[in-house]
Amino acid sequence: MVRRLLLTLASLVLAANAAFAQGKPVLTVYTYGSFAGKYGPGKIVKERFEETCGCELNWVTAEDAGSLVGRLRLEGADTKADVVLGLDVNLAAEAKSLNAFAPHGLDMQDLSLPIAWNDDTFVPFDWGYYAFVYDSDKLPNPPKSLKELVENPNGPKVVLQDPRTSAPGLGLLLWMQKVYGDKAGDAWAQLKPRIVTFTKGWSEAYGLFLKGEADMVMSYTTSPAYHIVVEKKNNYKAAIFSEGHYLQVEIAGMTRTTKQPELAKTFMAFVLSKPFQSAMPEGNWMMPAKAPATDLPDAFQHLGQPQKALLFTPEEVQQNRRAFTDVWLNATAR
Amino acid sequence: MAFAILALVAGGFIALAAVGGERPALLSIGPYLWRVLAFSIVQAALSTLLSLALGVALALALARRRFPGRGAVLALLGTTMVMPTIVAVFAVFAVYGRSGWAADILSLLGWRGEFSIFGYPGILIAHVFLNGPYVARILLDSLSLVPAEHWRLASALGFSPAHIFRHLDWPVLRAELPGLTGLVFLLCFKSFAIVLALGGGPSRSTLEVAIYEALKIDLDFGRAAWLSLIQLAICLTLMGILNWALTRPPTPHTVRSQVQRHDARNRSLKLFDAIVLSAGALFIAPLALSLLSGLDNILEIADADLLRAFLTSMTIAVLAATIACLLALALATAARRRRVVLRSPRIAAFYDFLPNTLLAVPPFALTAGLFLILRRFADPSSAGLILLPLINGLAALPFAYRSLAPRLLTAEERYGRVAASLGITGVNKLAIMDWPLLKRPFAAAFALAMALSFGDFGIIALFGGQDLVTLPYLLYERLGSYRLDDASAIGLFIVLVAFLLAHVSGRLSHAGD
């Protein structure tokens, strides 16, 4: 009976997919859950792309960037993905080493990233600076630099993410390395008494911060825009640090195994076009990768702007991540 | 059947290890992993001990007392365990956090200090909250199965409360506790998001974190398979010791009938029960009540997405429960045959042992491995549809087995000889002899397995998708878009459904035969 039920269920889904596909080609895009969810930009992107492509865009989601790569690795050459949207640039080298992606062949000029971009495999679609977010009603004088945060024994308490399970966690690990270099271990040890906890993912940490468990949370400079636009609250702010901020770039790539390379290419180009880019700020709460500053919504124009972007190359991250993690572990795990 | 399950698990690991390609750095267990292991064992042992203490005390007190709303309390006890972990974590913070209720009350009382629950206190609170009530629930069910004749006899002989405990309650607890100990220990040993969020630092971490990291960040599947094997080996060793030292075969139950226990009138027991029940309520109620904060947004989340996610969750839960109950039935029948007919209790004990060991298998690694096998035969996009019910079903198997196995033994004791003399065997035996006694526990196990699958986030993280959005998945998706309020409403909704299922399960397992 179990088998029959399963077969029925599977065939129902397949039938639904087949009906979907009738006549029009289907472009399957893997992305993370909140991108394609109710409040994410997925719906708008799908509508706008389908207006011009003569195709169906089908989102397939996994929980987060790590799950996307893991799933791609598991599926290997059988993957149904034509495009994967939402990888983290810090894990780009690992993703590339899967040998699953094809060159995009697009021109990467005129991007609005704070760094030059010349990767031939991945296209950046949005970005943001990692930053510590705080409630200005409760913390009127936030630290002015990462060093001040780390070295002031009476400084604010922070909630962070585990670098082994989450992108912002990895982001802070790399940020500390950029600022402290060989002394990163000591810096972690200095900060440790004021770390409330390291959560599994961004969501838990941000939730704990909103519930008042910590004075600051590791998040993005763009997080306050959400509170301003949706909740009409102006008290959440991102602290701007003088050393510069580590950069988060979200990237997309088309698979080597896609059966419709032309359509996939069209989508990759669409990613950098206005219809897609204009959905990023208030859909994904990140900065668009290609848009003039004047196109930004109000709330985004007035966000604090870091003076300097910090970023390791994906290869550097791949080579050193284990060592950096061990430094962090030794310093924070007593 | 048992071997089929073992083969499934082994196959998954081999596939996972094989795709790793290059030999993984075999046992690169550094000092860090040793510390993690030591911590995992200590926290799991403490969590188990406290959960059992709370469970036993609550079960005894509830067995002696009748009060209005008792049914709802019992259903609540069955609900906490199936909560999505993130809901439980937020509940703990809402009550014991820096800005939680406890802190509010303390500051009202004029206390100005700061306290932190991170570390052992937080982890233990969460684990005891999740598991203690479940232990109470199971023990209460078993306590109420002590035959009415025993009670009459005890009453006639004028048993004191101490006698009653020694001769009536203790044998029941003695039979149930080893299995429960193993179950709770494994659940805590593998606990992941709770330990990270409440542990306060990477020194408080579990092996499951390392497995997750290997799978999702390093993409080193060989390492994931090895770490999984280490975890499995440790759990099996511990369970083996426990099993060898403590386990007795499941005791057959008899017809239960409502008995008013005469020790309910004892004065010091009245005091004891009052203390236990209020302490239990004081511990469980605030955590449960904190979930009601989701009520504000419950209307806003009612949309097509929610309905679809609900139906998907339900479908998966029904399939998972079917798998769990049928497997449990098959295993329990085999165990009974070994024990009663073939007189080989060792093999029977192995069957009893098997379902719990499944809990020691890291679900992420198993899923990944099975997916690699499945991908050769099936379309990868439908793999989730097969894997989700299967993995959830296997995870619910130990729970289903607990309620079915003793009943099958009861049926055998009562009607086995008659059936044998009439030559009734096989499916007929199941239908004619066992089913009448089995149908209620079966339905109860079914509802419980559904509830367990319903709250599970686990592997859907990897295989969810457009066609496969469950309620917990939806919850995380909303959290990812800053919608904390929506997420807590969805959390509340999940818990309410689980509560209803637990209620149904309780009613069924409590009804007379």
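As the structure is a prediction and not an experimental result, all values here were calculated from the model.
- Cation-pi geometry between Lys96(A) and Phe101(A) is not met at under 6.0 angstrom from the ring centre and within 45 degrees of the axis.
- With a 4.5 angstrom heavy-atom cutoff, Val230(A) touches chain B only via side-chain atoms.
- The pair Lys233(A)-Asp137(A) does not meet the salt-bridge criterion, since no charged nitrogen lies less than 4.0 angstrom from a carboxylate oxygen.
- In this structure, no portion of Leu160(A) lies under 4.5 Å from any heavy atom of chain B.
- Not a single donor-acceptor pair under 3.5 Å links the side chain of Ser313(B) to the backbone N or O of Thr470(B).
- Aromatic pair Tyr220(A)/Tyr206(A): ring centres not closer than 6.0 Å.
- For Ala214(A), the part lying near chain B is the backbone, with the side chain staying farther off; criterion is any non-hydrogen pair under 4.5 Å.
- Checked against the 6.0 Å centroid criterion, the rings of Tyr236(A) and Tyr134(A) do not qualify as a close aromatic pair.
- Of the listed residues (Arg321(A), Glu94(A), Gln318(A)), the one with the most heavy-atom contacts under 4.5 Å to chain B is Arg321(A).
- Only the side chain of Phe118(B) comes within less than 4.5 Å of a heavy atom in chain A; its backbone stays farther off.
- Most heavy-atom pairs under 4.5 Å with chain B, from the set Phe35(A), Trp285(A), Tyr32(A): that is Trp285(A).
- The most heavy-atom pairs under 4.5 Å with chain B, out of Leu208(A), Val69(A), Val159(A), come from Leu208(A).
- Heavy atoms closer than 4.5 Å to chain B are found nowhere in Thr28(A), neither backbone nor side chain.
- Interface summary for chain B: among Glu213(A), Lys157(A), Lys200(A), the most heavy-atom pairs under 4.5 angstrom belong to Glu213(A).
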Should Trp202(A) and Tyr482(B) be marked as a ring pair (Phe, Tyr, Trp, His ring centres under 6.0 Å) after you check the CA-CA gap, both sets of side-chain angles, and the distance that decides it? CA-CA 10 Å; Trp202(A) 174 86; Tyr482(B) 291 86; 4.9 Å; yes

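- If you tally non-hydrogen atom pairs under 4.5 Å between each of Asp162(A), Val196(A), Leu170(A) and chain B, the highest count goes to Val196(A).
- No close placement of the Tyr30(A) and Trp59(A) rings is indicated, their centers lying 6.0 Å or farther apart.
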